[in-house]
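Below: one structure, written as structure tokens.
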Amino acid sequence: MHGNGRDGNGAGPRVVVGVSGSLGSLAALHRGLAEARDRGAALVPVHAWEPPGGEHGYRRSPCPPLLAAVREAAGQRLRDALDAAFGGADPGVPLRPVVIRGETGPALVEIADRPDDLLVLGRAGGPLHRRLRCPVPGHCARHAVCPVLTVPAPALLDDLRRLERAHRRHQPLAPEAELLAVRG
């Protein structure tokens with residue numbers, strides 16, 4: 001599962017999907033699977049990881065055992081996301097998972113390096129998360145040589161964020177009937 005996705009079986013169309021394990025990335029994984037089926041393409045789920053403190057921090061204080069543990073955790077996170085998305089079932093398309101060391105945006109652009117690839121991404125976090133970090137979809141849209149498809153976050157995610165905000169403010173949670181009425 002490790003590498004950069006350029007193996008001998010990599011010929012033909014590919015749908016590359018950025019996977020973090022979030023609900024948004026799982027939605028992107030489902031959309032990527034649908035696109036791979038429609039195109040007769042391989043599905044390439046990618047999880048990018050960096051050492052704690054980033055590459056600069058690691059160069060200042062290298063710790064190979066920690067690096068190996070973080071690499072293994074990244075592989076497990078991708079396996080867990082695939083299990084959550086597909087429930088252990090065969091997705092019905094060639095599946096070529098990739099775990100790559102690097103910053104997420106540049107790593108995804110590196111993997112999706114063919115003009116006939118399709119790069120599928122979920123929306124990154126909430127507004128605060130997008131302000132604090134360089135948004136991956138924006139980076140990929142500017143630098144990718146292939147089309148980039150950004151999948152909106154599932155509606156459930158908005159409901160969860162609203163409930164979390166109410167909980168933090170110690171506000172009473174809305175009864176389920178009210179939530180269902182809002183969802184319509």
Open item on the list: How close do D117 and I111 get, counting heavy atoms only, and between which atoms?
Closed with: OD2-O, 4.0 Å

Task: Polar side-chain atom of H47 near backbone of V99 as donor-acceptor pair, under 3.5 Å - done: no

TODO: Just jot down the side chain to side chain donor-acceptor pair (under 3.5 Å) partners of D80, sequence neighbours excluded, or say none.
DONE: Q76

TODO: Would you give the length of the straight line joining atom CH2 of W49 to atom CG of L67, rounded to the nearest 0.5 angstrom?
DONE: 4.0 Å

Open item on the list: Within the 4.5 Å heavy-atom criterion, are V70 and P52 side-chain neighbours or not?
Closed with: yes

Task: Euclidean distance, L119 CG relative to C146 SG, rounded to 0.5 Å - done: 5.0 Å

Task: V16 side chain reached by R96 side chain, heavy atoms, under 4.5 Å - done: no

Open item on the list: Distance check, rounded to the nearest 0.5 Å: L108 atom CG versus H143 atom NE2?
Closed with: 12.5 Å

Open item on the list: Any heavy-atom pair between the side chains of R39 and L118 that's under 4.5 Å?
Closed with: yes

TODO: Determine whether P45 and P97 make a side-chain contact, defined as any pair of heavy atoms from C-beta on separated by less than 4.5 Å.
DONE: yes

- [ ] Would you list the pairs meeting side-chain hydrogen bond (donor to acceptor under 3.5 Å, both in side chains) in which at least one residue belongs to residues 55-70, sequence neighbours left out?
- [x] E55-R101

Task: Where A27 and P152 come nearest, the two heavy atoms and their spacing - done: CB-O, 4.4 Å

Open item on the list: Please determine whether side-chain contact (heavy atoms from CB on, under 4.5 Å) holds for the pair V148 and H139, giving the CA-CA distance in whole Å, both sets of side-chain angles, and the decisive distance to 0.1 Å.
Closed with: CA-CA 10 Å; V148 177; H139 175 87; over 6 Å; no

- [ ] Search all heavy atoms of A48 against all heavy atoms of G102 and return the closest pair with its distance.
- [x] CB-O, 3.6 Å

Task: Sidechain-backbone polar pair: R114 side chain, G12 backbone, donor-acceptor under 3.5 Å - done: yes

Task: Non-hydrogen side-chain atoms of S22 and L26 separated by less than 4.5 Å - done: no

TODO: Kindly indicate whether the side chain of I100, heavy atoms from C-beta on, has any atom under 4.5 Å from the side chain of V46.
DONE: yes

Open item on the list: Ignoring hydrogens, what is the shortest heavy-atom contact between S20 and S25? Give both atom names and the distance.
Closed with: N-OG, 3.2 Å

- [ ] Return yes if some donor-acceptor pair links the side-chain N/O of R142 with the main-chain N/O of G138 below 3.5 Å, else return no.
- [x] yes

TODO: Drop me the distance from L121's CG to L149's CG, to the nearest 0.5 angstrom.
DONE: 8.0 Å

Task: Trace of the side-chain contact (heavy atoms from CB on, under 4.5 Å) decision for L82 with L29 - done: CA-CA 8 Å; L82 293 174; L29 197 51; 3.8 Å; yes

Task: L33/F86 under side-chain contact (heavy atoms from CB on, under 4.5 Å): CA gap, chis, key distance, verdict - done: CA-CA 10 Å; L33 176 60; F86 304 135; 3.5 Å; yes

- [ ] Evaluate side-chain contact (heavy atoms from CB on, under 4.5 Å) for V15 paired with V120, printing each intermediate quantity in order.
- [x] CA-CA 7 Å; V15 175; V120 181; 3.7 Å; yes

